[in-house]
Undergrad: 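Mind looking over this structure? Questions follow.
Order of listing sets the numbers, starting from 1, for every ligand and every atom in it. Keep in mind that what you see is a predicted model, and the values were worked out from it rather than measured.
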Amino acid sequence: MELEIIIGLEIHAQINTQTKLWCRCSNDDFDLEPNTAVCPVCMGFPGQLPVMNKEAVRKGVQTALALNCKIPSFCKFDRKNYFYPDLPLGYQISQYDKPLSLNGKVVINVDGKEKKIGITRVHLENDAGKLTHEGEYSLVDFNRSGTPLMEIVTEPDMRSPKEARIFAGELQRIVRAVNSSEADMYKGQMRFDASISLRPQGEKKLYSRTEIKNLNSFRSLEMALNQEIERQRKLWEEGKPQEKEITMGWLADQQKLKFMREKEGADDYRYFPEPDLPPLELEEAFVQKLQNELPELPGAMRKRLLDEYQIPEERVELLLSDLRLMKYFEATAKETSAKDALRWVLSEWGEVEKNLEIKIYDSSVSTEKLTEMIRMISEGKISGKIAKEILNDMAHTEKRAGEIVEEKGFAQVSDAGELEKICKEIVDANPQAIEDFKNGKERAFGALVGQVMKKTNGQANPEMVNEILRGIV
Ligand code: ZN
Ligand code: MN
């Protein structure tokens, strides 16, 4: 039986405000001791009242606009009731029937083809605390309690785990471009819940889905989906597709799915309007201003990199995955060329980064310094080979390329008299190579050039060496 795969995602992204969603505790608690970024509000003490963080609203709306959502003029907050030890209030303040935004879309690129993924809604809610289980007992850390989240829900528009991963990656790039979330998955700032079901090819109705909770990397997202597809495929082949909607967890250490429970419906949460917060009425001018201030988004950047610089597609994706790298690249490309910038910012720096473990934009090599070095190559002052060494030196010091060249005597030997002398020596010392070359072996010539370069520690101007040698042999 041909089965079609239906995937929808729900993404929680932590908004990068200074403070939490309802109180003034720090929202940057990653390195803090447990329970030090807390107050009576985010610990759910009786009688405390939440106060809306305006910056979180601003960033939420701007993200929704970047996802092409409509922003209704009115939205409200609701209590989502459930009991869990990391939720001191016994409810999460979320948005139910009147969310911040609706009906958006994102266009992703799947194997060179554009595909539209519908966005159902983006709404705001607070995060819960964090539980650590230690055998007999569990520890609760409330630092994360009350941090602002955007919940982004897609339509069931994805047709493979790969499409889901591509979408998730694009969403990460978008929230980073908007600067509404750092979306660092290692720090739990972006998490995925994936809903998946199968259906016979050609059918229109949706069958009971499985929701896989709390996937915290692109890899586990794709792996969990693949495993669940196989499980559901077997059920279909046995003629008894899944009847009830279920919730699964992902055991990251074992890379395995784990059945958790039958899926809860909205009724289970006893939603009701949050009485401690007034509804939000967003003025058109406020929304329009955020729309006007939207930065260039990954979709547009991708098009520009492909059209303007004619960069190979896989390099484009690499640049888009790191906006600071992208900015660094563009600044260098403008002063030199796209080709030179690709070589030095991506390939050659890649080698340096392996040892030094530092991104080029965080290193002592500024775009000005790199540009200066690249210019020295094109002006024939240094060879590309020497430049690699200079780049490495620059990465380890504060020095500029010019200083290193002077200190180490790296200047390219372009003195014709000197080069001629060396070439003659090499020719005299290698009669066999000359003989081979005269018999039509072009490689023998290359070997001679190589010897001259070796003799000059790579500092000879290769074009001049070529020319001189051609003249002699
Ligand atoms: Zn607090
Ligand atoms: Mn949620």
Side-chain angles (χ1 to χ4, degrees), residues 8-15 17-30 32-56 60 63-64 67 75-84 86-102 119-130 140-154 168 171 175 180-181 183 188-195 211-216 247 249 260 263-271 274 276-277:
L9 293 179
E10 211 180 279
I11 298 99
H12 287 94
Q14 185 179 335
I15 308 176
T17 47
Q18 300 275 311
T19 55
K20 292 185 181 180
L21 191 50
W22 318 121
C23 61
R24 301 180 66 177
C25 292
S26 169
N27 183 32
D28 183 15
D29 56 30
F30 189 69
L32 293 185
E33 290 289 306
N35 298 308
T36 53
V38 293
C39 74
V41 174
C42 55
M43 290 193 72
F45 283 25
Q48 295 298 322
L49 292 174
V51 177
M52 180 75 63
N53 181 334
K54 186 177 174 188
E55 188 64 4
T63 305
L67 300 174
C75 76
K76 71 178 177 68
F77 290 81
D78 302 275
R79 287 191 182 177
K80 182 180 181 179
N81 298 281
Y82 64 96
F83 175 78
Y84 213 62
D86 62 5
L87 192 71
L89 282 163
Y91 57 84
Q92 176 190 34
I93 304 179
S94 179
Q95 298 193 283
Y96 182 51
D97 55 341
K98 297 279 179 196
L100 186 78
S101 67
L102 291 158
I119 304 292
T120 315
R121 58 193 278 163
V122 179
H123 73 242
L124 300 181
E125 60 188 30
N126 63 266
D127 208 344
K130 197 172 91 186
V140 200
D141 176 9
F142 289 110
N143 283 350
R144 208 179 63 187
S145 172
T147 59
L149 299 176
M150 298 180 273
E151 181 179 310
I152 301 157
V153 185
T154 79
L171 188 69
V175 297
S180 57
S181 174
Q189 292 166 342
M190 193 175 193
R191 285 121 56 188
F192 310 107
D193 299 338
S195 281
E211 187 179 38
I212 309 169
K213 285 276 187 197
N214 266 321
L215 297 159
N216 54 11
T247 300
M260 285 165 77
K263 190 165 165 34
E264 52 294 88
D267 290 351
D268 297 318
Y269 289 118
R270 303 294 189 270
Y271 278 102
E274 167 60 57
D276 291 339
L277 283 169

Undergrad: Taking ring-ring contact (aromatic ring centres under 6.0 Å, His included) as the test, write out the residues that go with Tyr96, two or more places apart.
TA: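 Partners of Tyr96 by the ring-ring contact (aromatic ring centres under 6.0 Å, His included) criterion, ordered by chain and then number, come out as Tyr271.
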
Undergrad: So, do Asp276 and Arg79 sit near enough that their side-chain heavy atoms are less than 4.5 Å apart?
TA: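 Contact flag for Asp276/Arg79 side chains = yes.
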
Undergrad: Not counting sequence neighbours, which residues clear side chain to side chain contact (heavy atoms under 4.5 Å, CB included) with Asp268? List them please.
TA: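 With sequence neighbours excluded, Asp268 shows a side chain to side chain contact (heavy atoms under 4.5 Å, CB included) to Glu264, given in chain and number order.
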
Undergrad: Is it true that a side-chain atom of Asn143 and a backbone atom of Asn35 form a donor plus acceptor pair closer than 3.5 Å?
TA: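 Flag set: sc Asn143 to bb Asn35 pair under 3.5 Å.
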
Undergrad: Tell me whether the count of non-hydrogen atoms from other residues, nucleotides or ligands lying under 6.0 Å of NZ in Lys76 goes above 12.
TA: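 Check passes, neighbour count above 12.
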
Undergrad: Taking NZ, NE, NH1 and NH2 as the nitrogens, is one of them in Arg191 or Asp193 under 4.0 Å from a carboxylate oxygen of the other?
TA: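 Answer for the salt bridge query: no.
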
Undergrad: Do Thr147 and Leu21 touch side chain to side chain, with heavy atoms closer than 4.5 Å?
TA: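 They are not in contact (no side-chain heavy atoms under 4.5 Å apart), so the answer is no.
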
Undergrad: Less than 2.8 Å away from the Mn ion (ligand 2), how many protein N/O/S atoms can be counted, ignoring water?
TA: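 For the Mn ion (ligand 2), the figure is 3.
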
Undergrad: State, with a plain yes or no, whether a side-chain heavy atom of Val41 is found less than 4.5 Å away from one of Lys20.
TA: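 No, too far: nothing below the 4.5 Å cut-off.
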
Undergrad: To the nearest 0.5 Å, how far apart are CE in Met190 and CD1 in Ile152?
TA: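 If I round to the nearest 0.5 Å, the distance is 6.0 Å.
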
Undergrad: Ignoring waters, how many N, O or S atoms from the protein are under 2.8 Å from the Zn ion (ligand 1)?
TA: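 Atoms of protein N, O or S type lying less than 2.8 Å from the Zn ion (ligand 1) total 4.
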
